[in-house]
Structures are given as structure tokens and as C-alpha cells.
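Here's the structure, in C-alpha cells; my notes come after.
These figures come from a predicted structure and were not determined experimentally.
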Amino acid sequence: MRTASLFTGIGGLELGLARAGHETAFTCEIWEPARAVLAARFPGVPVHQDVTTLEGLPTGTELLTAGFPCQDLSQAGRTLGIGGSRSGLVGHVFRLLDRTGVPVVVLENVSFMLSLDQGAAMHHLASAFEDRGYRWAYRTINSQAFLHQRRERVFFVATKNDLDPADVLFEGDVAMPSTVTSLRSHAHGFYWTEGTRGLGWAPDAVPTLKNGSTVGIPSPPAILRTNGTIVKPDLRDAERLQGFPADWTKPAEEVARATLRWSLVGNAVSVLVAAWLGERLRTPRLYDAGRDLPWPSHRKSWPRAARFDGRCRHAVGIGSLPVFLDREPLEKFLEHPGTPLSVRGTAGFLGRAEASSLRFAPGFLEAVRSHLAAQRGERGAALAA
């Protein structure tokens with residue numbers, strides 16, 4: 001399909017769709033570092049700067065995509081809801097749809113939107129599409145189905161043609177394989193900035209890559225490798241953990257600080273999830289209505305998957321893993337050594353962890369202490385030299 005993209009970021013959704021044969025004909029992105037990436041990676045594709053000044057979509061647009069800003073919806077953000085100044089920009093999607101009819105729309109955002117304010121954002125989106133005659137379906141999908149990153153996002157498909165969005169999203173439902181890991185056999189990811197209430201502990205994977213701070217201070221997770229070292233992944237491996245080729249965001253350095261590349265990667269849509277979705281748009285499979293569940297009459301959040309068939313809303317009983325691709329262990333996937341977690345970072349994490357009531361994998365805190373001792377020794381040797 002001929003695709004127009006809003007809130008494009010660095011083009012993760014578009015790159016994945018292109019791998020499935022869809023054509024990106026137009027993009028819109030306000031952040032200059034992201035526009036630099038788009039100009040380099042999608043040469044010849046127009047980039048409009050500001051969605052608020054966009055008067056209409058290109059003629060012949062068959063698919064509109066929008067990974068609209070999540071800052072007001074994210075649990076790690078301001079949680080102001082769909083009416084926040086950033087996430088409220090999704091209203092321009094409907095303004096443009098009213099001016100230029102598009103038969104298929106794909107939205108992507110954080111899974112926290114399902115529960116924030118009892119799902120007010122989802123109600124807003126669903127009702128707006130229903131008022132315009134669209135059927136819709138959405139599903140929470142975990143990037144770990146495809147690669148070594150645990151990252152849940154909601155993918156929302158709305159259609160106004162013969163394509164049933166349920167036929168797109170609800171094919172495939174597998175359980176997470178039970179992998180027995182140990183600190184010596186597999187790498188383990190965790191948030192070194194945490195340690196009091198949780199870790200984001202991820203065997204043979206990393207927890208969700210975040211966008212860092214608004215001033216460009218990176219906040220990558222840590223990885224405990226099988227040799228006992230604790231590192232922050234190299235940016236090129238972080239790009240690969242999102243499904244991009246290494247150095248995809250390198251063009252951003254022409255207009256901004258290199259550290260801002262972490263924000264670009266953290267904000268992006270996982271490419272392999274987008275490629276799966278693109279294939280499903282090409283070859284939909286008839287939805288099994290036996291998955292339908294009653295719409296909850298009293299809810300604190302929206303279901304993790306649901307659909308609207310043109311008349312009724314239905315919850316859908318399906319998991320977040322449409323597949324689980326074979327892969328090499330994370331330890332072998334990493335192509336670059338990464339940066340050892342600093343003395344300050346390690347000591348701060350260890351202090352929080354030891355004071356908490358959390359349970360840890362056997363040998364984990366001992367590994368952290370050993371890493372701290374090694375880093376202190378290396379720093380002392382460097383100062384002596």
C-alpha cells in the first residue's frame with residue numbers, strides 16, 4: 001500500500017512495512033535529529049516538519065501510520081493522558097482523515113494507555129474511529145517475539161474497506177518458551193537505575209529500551225554478561241535490538257549531540273514487529289470469532305486485545321506473542337563490548353538493591369559486588385598511573 005506517515009520518528013514502522021512491500025510516500029516529523037535520519041535512510045521521500053501545519057495527506061494514500069507521542073501516556077512519563085499537550089496531537093490524525101479519506105490506519109503506542117485513567121485514551125481513539133465508520137482491532141504485541149528485547153506496545157488497526165482488521169492482527173498465539181538460564185550460561189538484562197521496587201530482570205534479553213532524558217542523557221539498561229562483567233550496551237547493538245541495522249541513527253550526529261541517538265532509538269517502533277504487521281496487511285487470515293470474549297461492563301482498564309466489528313465491541317482472548325522466532329543467545333548477539341557500568345552507577349544500584357526487599361537470582365548480587373570491586377581496582381590503577 002502507498003503509505004503516509006505521521007510522527008515518523010526514525011522510521012521503524014516504515015522500514016518494517018517496506019520490508020513487507022509497502023511504499024512510504026510521505027513522512028512528518030518535528031524533531032530535527034529524527035528528520036536527519038529520515039532524509040538519509042528514506043532518500044527522496046518528502047518530510048513535513050509539523051503535523052499542526054499539515055493541510056492534507058497526499059492524494060492516493062492507502063495506509064496512514066502514526067506512532068503518536070507517548071510522553072503523556074507512558075508510565076515513565078507524565079501520565080497526563082490523551083489530553084496532554086504531546087499525546088493530544090493524535091487529534092490531528094482525525095483532522096487529516098476528515099480532509100483526506102484513507103481506508104487503512106495503523107497506530108502504535110505504549111501499553112500503559114490501556115489502563116491510564118481507566119482506558120480513557122483508548123475510548124477516545126476507538127470512539128473517534130467508530131464515529132467515522134471504521135472497524136478497528138488492536139493487540140498488545142511483545143517485541144520479544146522477534147528479538148532480544150522485552151517491549152510491549154499496542155498496535156491499533158482501523159479499516160474502512162473490505163479488509164477486516166481482526167484478520168490482520170489476530171493470527172498466531174504462542175507461549176513464551178521456558179528457557180532455563182543461569183548467570184554463567186546466559187546474559188541477563190536489568191535496569192541499573194532501579195533496585196528498590198523492581199529490576200526489569202530479563203533472562204537472555206534486555207528490558208524495554210527507553211528514550212532517556214529530554215536533555216539527551218542516555219539511560220540504557222545494563223547487561224550482566226557470562227564473564228561476570230556488567231555493561232551498558234553499545235548504541236549500535238541497541239539499534240540492532242530494535243531491529244535496525246547498526247548505525248541507523250548515525251546521520252543525527254550531523255545536527256545534534258551523539259547522545260540524543262539513544263532517545264531516537266528508545267522512541268522507535270521495533271522494526272521486526274512492523275515487518276510482521278506489514279506481512280499481515282498483505283496476507284490477512286480469516287479471524288476465528290471463537291476468540292471473542294464479552295466486553296467488560298465494569299473495567300479498570302481496556303483488554304489487552306479487542307475489536308469492533310462495525311456493530312459491537314469484543315474483547316479478544318489472545319496473547320502478546322504471535323510467533324517466537326529462533327535466535328542465537330543474547331551473549332552471542334551482541335557484536336560490541338559495551339561500556340562497563342561505572343563505579344558510581346554500580347555502587348548506587350548495589351546500595352538500593354541491598355536495602356530493598358527484592359529477591360534476586362542466585363549469585364546476582366555477588367556478581368554486582370565483584371564487578372564493583374573490579375571497577376574500583378581499574379579506576380585506582382588508572383589514577384595511580
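For E55, the CD atom sits in a loose shell: 12 or fewer heavy atoms of surrounding residues, nucleotides or ligands are nearer than 6.0 Å. Heavy atoms from other residues, nucleotides or ligands lying under 6.0 Å from NE2 of H123 number 12 at most. Around CG of N227, the count of heavy atoms belonging to other residues, nucleotides or ligands within 6.0 Å exceeds 12.
L63 is not connected to V51 by any chain of hydrophobic side-chain contacts under 4.5 Å among Ile, Leu, Val, Met, Phe, Trp and Tyr, and they are in different clusters. Both L277 and L325 belong to a single network of hydrophobic side chains, linked directly or stepwise wherever heavy atoms of I, L, V, M, F, W or Y lie under 4.5 Å apart. Linking ILVMFWY residues whenever their side-chain heavy atoms come closer than 4.5 Å, directly or via other members, leaves V206 and F364 in distinct clusters. L241 is connected to W262 through a chain of hydrophobic side-chain contacts under 4.5 Å among Ile, Leu, Val, Met, Phe, Trp and Tyr, so both are in one cluster. Linking ILVMFWY side-chain heavy atoms closer than 4.5 Å, directly or via other members, places W302 and F170 in two distinct hydrophobic clusters.
R95 and D98 are not joined by a salt bridge, as no carboxylate oxygen comes within less than 4.0 angstrom of a charged side-chain nitrogen.
Annotation: side chain of F333 is not in contact with side chain of R327 (no heavy-atom distance under 4.5 Å). Between T159 and D164 there is no side-chain heavy-atom pair separated by less than 4.5 Å. A heavy-atom distance below 4.5 Å is found between the side chains of F146 and V273. Counting heavy atoms from C-beta outward, Q242 and Q149 have side chains that approach closer than 4.5 Å. Under the 4.5 Å side-chain criterion, counting only non-hydrogen atoms from C-beta, V271 is not in contact with L147. Taking the side chain as every heavy atom from C-beta outward, V154 and T140 approach each other to under 4.5 Å. For the pair P221 and L209, the minimum side-chain heavy-atom distance is below 4.5 Å. L125 is not listed as a side-chain neighbour of W136, based on a closest heavy-atom distance of 4.5 Å or more.
Here the CG-CZ distance, from L169 to R139, works out to 7.5 Å after rounding to the nearest 0.5 Å. Taking CD from E108 and CZ from F155, the interatomic distance works out to 5.0 Å, rounded to the nearest 0.5 Å. From R304, atom CZ reaches atom CD1 of I318 across 11.5 Å, with rounding to the nearest 0.5 Å. One distance of note links SG of C28 with CZ of R35; it measures 9.5 Å at 0.5 Å rounding. Rounding to the nearest 0.5 angstrom, the gap separating the NE2 atom in H188 from the CD atom in E331 is 10.5 Å. Summarising the geometry, atom CD belonging to E194 is positioned 14.5 Å from atom CH2 belonging to W201; distances are rounded to the nearest 0.5 Å.
Ring to ring, F190 and F349 are close: their centroids are under 6.0 angstrom apart.
Checked by atom type and distance alone, the side chain of N142 never pairs as donor or acceptor with a backbone atom of R150 at under 3.5 Å. Side-chain atoms of R280 come within 3.5 Å of backbone N or O of V168 as a donor-acceptor pair. Judged by distance alone, the side chain of S185 and the main-chain N or O of T181 form no donor-acceptor pair under 3.5 Å. E62 contributes a side-chain N or O that, together with a main-chain N or O of R2, makes up a donor-acceptor pair within less than 3.5 Å. With hydrogens and angles ignored, the 3.5 Å screen pairs a side-chain donor or acceptor of D237 with a backbone N or O of H336. The main-chain N or O of N161 is found under 3.5 Å from a side-chain atom of R135 such that the two form a donor-acceptor pair. Distance alone, capped at 3.5 Å, is enough to place a donor-acceptor pair between the R352 side chain and the W192 backbone. The backbone N or O of G319 sits less than 3.5 Å from a side-chain atom of D173, completing a donor-acceptor pair.
Here H371 pairs with nothing under the side-chain hydrogen bond (donor to acceptor under 3.5 Å, both in side chains) rule; sequence neighbours left out.
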Check the pair M122 / M113 against side chain to side chain contact (heavy atoms under 4.5 Å, CB included), numbers first and verdict last.
-> CA-CA 7 Å; M122 291 301 301; M113 70 186 295; 3.4 Å; yes
Residue pair D292, D309: steps toward the side chain to side chain contact (heavy atoms under 4.5 Å, CB included) verdict = CA-CA 11 Å; D292 283 352; D309 61 12; 5.8 Å; no
Intermediate values then yes/no, side chain to side chain contact (heavy atoms under 4.5 Å, CB included), L54 and L6 = CA-CA 10 Å; L54 184 59; L6 306 179; 3.8 Å; yes
Side chain to side chain contact (heavy atoms under 4.5 Å, CB included) between W248 and L15, worked out = CA-CA 11 Å; W248 179 265; L15 179 60; 3.9 Å; yes
Evaluate side-chain hydrogen bond (donor to acceptor under 3.5 Å, both in side chains) for T65 paired with E14, printing each intermediate quantity in order.
-> CA-CA 8 Å; T65 64; E14 293 66 36; 3.1 Å; yes
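The two residues V265 and A238 make their nearest non-hydrogen contact at CG1-O, 3.8 Å. Residue Y191 comes nearest to G200 through the heavy atom pair CD1-CA, 4.1 Å, listed as atom of the first residue, atom of the second, then distance. Counting all heavy atoms, side chain and backbone alike, A187 lies closest to L330 at CB-CD2, 4.0 Å. Closest non-hydrogen pair, I230 versus A222, comes out as CG2-CB, 3.9 Å. The shortest non-hydrogen separation linking A246 to E239 is C-OE1, 3.5 Å. Of all heavy-atom pairs between R151 and S270, the closest is CD-OG, 3.5 Å.
For Y138 and N109, the side-chain atoms include no donor-acceptor pair closer than 3.5 Å. Side-chain contact check for T8 and T27: no donor-acceptor pair (N or O, by modelled atom type) lies under 3.5 Å. Judged by distance alone, the side chains of T249 and R261 do bring a donor and an acceptor atom under 3.5 Å apart.
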